[in-house]
2 protein chains.
Amino acid sequence: MSDTQSDSRKPVFAAERRQRILDLVRANGAVSLRELAQAVRSSEVTVRRDLRALESEGLLNRHHGGATLPGELSREAGYTHKVSLESAEKSAIADLACALVEEGDAIVVGPGTTTQEFARRLTRHSELTVVTNSLLVAQVLAGSPRVEVMLTGGTLRGSILALVGSAAEGSLAGLRVRRAFISGNGLSAERGLSTPNVQVAGVDRALAAAAEEVVVLADHTKVGVDTMVQTVPPERIDHLVTDEGAPGDVLDELAGRGVRLHVATI
Amino acid sequence: MSDTQSDSRKPVFAAERRQRILDLVRANGAVSLRELAQAVRSSEVTVRRDLRALESEGLLNRHHGGATLPGELSREAGYTHKVSLESAEKSAIADLACALVEEGDAIVVGPGTTTQEFARRLTRHSELTVVTNSLLVAQVLAGSPRVEVMLTGGTLRGSILALVGSAAEGSLAGLRVRRAFISGNGLSAERGLSTPNVQVAGVDRALAAAAEEVVVLADHTKVGVDTMVQTVPPERIDHLVTDEGAPGDVLDELAGRGVRLHVATI
DNA sequence: AGATATCCGATCAAATTCGTTCTGATTCGG
DNA sequence: CCGAATCAGAACGAATTTGATCGGATATCT
């Protein structure tokens, strides 16, 4: 949507800064105040003033910690902690992962900011069926008439806006799709994909079990990291999409276990 | 201010400078005053005068610190403002409906802007279990740790951000809660609640079937209106929450069929 | 339910920018 | 050749913008 020229330069005027803020909010749905201040290179006070002005014009909704689009499904809770600072990496990973999706596919997409970015790029595909337990992924794809979105049932976990529990796992039981695109909190060569939450782990296992092939989307901060609960063993991972910041030894070992690597350059 | 006659006498150099300023602004989209003064080898005062003249002709927009193209910083980016229209009515209805919820309840909430407003008020309750097929309702309640949210599975209907289809209906089959709060597109005394979409109708029926009592939330624009598919027959409706704009005869007839009325004053 | 941490709002101070007035310079007409 | 007029530059006061800090409010966690 950035049809304007590149955004590196700029004699940042007040009006332009506001426009930029508006663009950022529109692109991400919800942005924290701190992130906005960092993005436009201004103090938080100034951004707060701009937000107030934009809100008075009805262009966005402002609440504690940041701003969201008016009337849009967006996370009100959680963006103070989970801001997409490595958006460049995530973006590149998402781009690369798109190559693993074919027209007419049926795929599973797990929760996470990276997978959400990935989902945003799926709107171009046609005749796609996406199964997910993430409300954010579902919302991103809601506007695409050519993509059919199926949401698992289950109990809502507010912090990540994803569905968990036995109902979520059960609704995946009878399903079989070609590929699952998931993104845990840690990925190591020995223990595979892992996540710190037991409930989330259960659903992640079910997501992986519903697919013939498992594709893991993980930026470099997650590679080589182990968290509490193992979800997908390394043997079960078929593809890994990451960025060039990932440690080489871990990647090598993963490759030795049959994982095909896709490293995005930023 | 006697410089309004811009072209009676044309000092070629001045006109050329203005043209150059205009070109610079057009090329870069936004240029600071200092840069302009430097580029045309004139003082900032002169450039300021030129900018004022150019602005009066509508050729550019002047801001603090420089100038931009007229259309560049427009904020009408085609975003559809779907802000709630009868927000006052919806708000009052939602307030009144809250009285029908008790602590420790398990309830069903259907899709719709009114029910979303209703859900927003449930965050105060404790030990509440909410079953819904609406992503908007789920998102509103996501931040409340004391409210457990269960989402039905199903196919996502993007236009209303709700889950429909056999999976949605099936996940409601084994459920039994105390009250269902739903809001269709039309409500008449003869045919009860109705909606224009067949799929949505199916889920609405399942939502109603899962509850002992059905509470309909409908503002006055929907009362007395029939749409295509009937979802809940009038005998099955236990409560109606509406606002004082609703036609009295329809309300009377509904009351005659056993519907308890709750009319909100705005 | 209470304690803690974070965020918001308001007031104040510093810096930049704008508007106005004045002065010097160049050009055109008589 | 001289006067008038207009344009360009300079200076000063006013207005706007930005950033910092403090008290109060709000959300989160135990």
Side-chain angles (χ1 to χ4, degrees), chain A residues 10-21 30-56 60-68 75-83 157-161 196-197, chain B residues 1-21 30-56 60-68 73 103 120-127 139-147:
Chain A
K10 286 303 176 180
V12 185
F13 302 123
E16 189 191 0
R17 189 186 51 235
R18 288 185 189 173
Q19 180 68 36
R20 197 112 161 246
I21 288 172
V31 193
S32 76
L33 182 99
R34 191 160 301 171
E35 202 184 1
L36 283 174
Q38 221 165 316
V40 301
R41 299 263 170 86
S42 288
S43 83
E44 298 177 9
V45 185
T46 304
V47 174
R48 207 167 284 155
R49 262 190 280 252
D50 287 337
L51 289 180
R52 207 177 310 174
L54 289 168
E55 186 194 34
S56 76
L60 48 81
N61 280 348
R62 189 167 63 104
H63 29 59
H64 248 82
T68 63
R75 40 192 179 170
E76 289 189 8
Y79 60 153
T80 49
H81 302 297
K82 257 293 212 267
V83 282
R157 186 171 178 80
S159 56
I160 56 173
L161 282 178
N197 184 275
Chain B
M1 329 254 169
S2 50
D3 52 0
T4 44
Q5 36 39 317
S6 51
D7 38 11
S8 70
R9 180 183 308 271
K10 275 201 192 165
V12 191
F13 281 150
E16 189 182 355
R17 188 185 54 233
R18 286 186 189 179
Q19 185 63 45
R20 211 149 134 215
I21 289 173
V31 192
S32 75
L33 182 96
R34 189 161 300 171
E35 273 182 286
L36 283 174
Q38 225 165 332
V40 300
R41 298 264 170 86
S42 290
S43 82
E44 299 178 6
V45 184
T46 305
V47 175
R48 210 167 282 155
R49 266 191 279 250
D50 289 336
L51 288 181
R52 212 179 312 179
L54 289 167
E55 185 193 34
S56 75
L60 49 80
N61 281 349
R62 203 159 57 102
H63 299 97
H64 225 85
T68 63
L73 291 179
E103 310 284 317
R120 191 163 280 138
R121 286 156 176 76
L122 295 177
T123 57
R124 301 253 152 60
H125 288 74
S126 54
E127 300 308 317
Q139 186 256 336
V140 163
L141 295 171
S144 319
R146 295 189 300 271
V147 178

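Chain identifiers are assigned alphabetically (A, B, ...) following the order of the sequence lines, protein sequences preceding nucleic acid strands; residue numbering begins at 1 within each chain. Just so you know, these numbers come straight off a predicted model, no measurement behind them.
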Tell me: [atom1] of [X] to [atom2] of [N], nearest whole Å?
| X | N | atom1 | atom2 | answer |
| --- | --- | --- | --- | --- |
| Arg41(A) | dT18(D) | CZ | C1' | 17 Å |
| Phe13(A) | dC18(C) | CZ | C1' | 14 Å |
| Glu44(B) | dT17(C) | CD | P | 7 Å |
| Leu33(B) | dT17(D) | CG | P | 16 Å |
| Leu36(B) | dC18(C) | CG | C1' | 15 Å |
| Arg52(A) | dC8(C) | CZ | C1' | 8 Å |
| His63(A) | dC8(C) | NE2 | P | 11 Å |
| Arg49(A) | dT16(D) | CZ | P | 14 Å |

For this session: Taking the side chain as every heavy atom from C-beta outward, state whether Glu44(A) and Leu36(A) have any atom pair closer than 4.5 Å.
Result: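 Heavy-atom side-chain distance check fails, nothing below 4.5 Å.
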Taking only side-chain N and O atoms of [X], does any of them lie within less than 4.0 angstrom of OP1 or OP2 on [N]?
| X | N | result |
| --- | --- | --- |
| Arg17(B) | dA8(D) | yes |
| Thr46(A) | dG19(D) | yes |
| Arg48(A) | dA10(C) | no |

Which listed nucleotide ([options]) is nearest to the side chain of [X]?
| X | options | value |
| --- | --- | --- |
| Arg34(A) | dT18(D), dC7(C), dG19(D) | dC7(C) |
| His64(A) | dT17(C), dG19(D), dC7(C) | dC7(C) |
| Arg62(A) | dC7(C), dG9(C), dA8(D) | dG9(C) |
| Val45(B) | dC7(C), dC8(C), dT20(C) | dT20(C) |

Exercise. Given Thr46(B) and Val40(B), is the side-chain contact (heavy atoms from CB on, under 4.5 Å) satisfied, shown in steps?
Worked result: CA-CA 10 Å; Thr46(B) 305; Val40(B) 300; over 6 Å; no
Exercise. So, for Val47(B) and Ala37(B), which heavy atoms are closest and what is the spacing to 0.1 Å?
Worked result: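 Looking at all heavy atoms of both residues, the closest pair is CG2-CA, 3.6 Å.
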Exercise. Is the closest basic N to carboxylate O distance between Arg146(B) and Glu127(B) below 4.0 Å?
Worked result: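 Result for this pair is no, no salt bridge flagged.
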Exercise. More than 12 non-hydrogen atoms from neighbouring residues, nucleotides or ligands closer than 6.0 Å to CZ on Arg34(A), yes or no?
Worked result: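 Not more than 12 within 6.0 Å, no.
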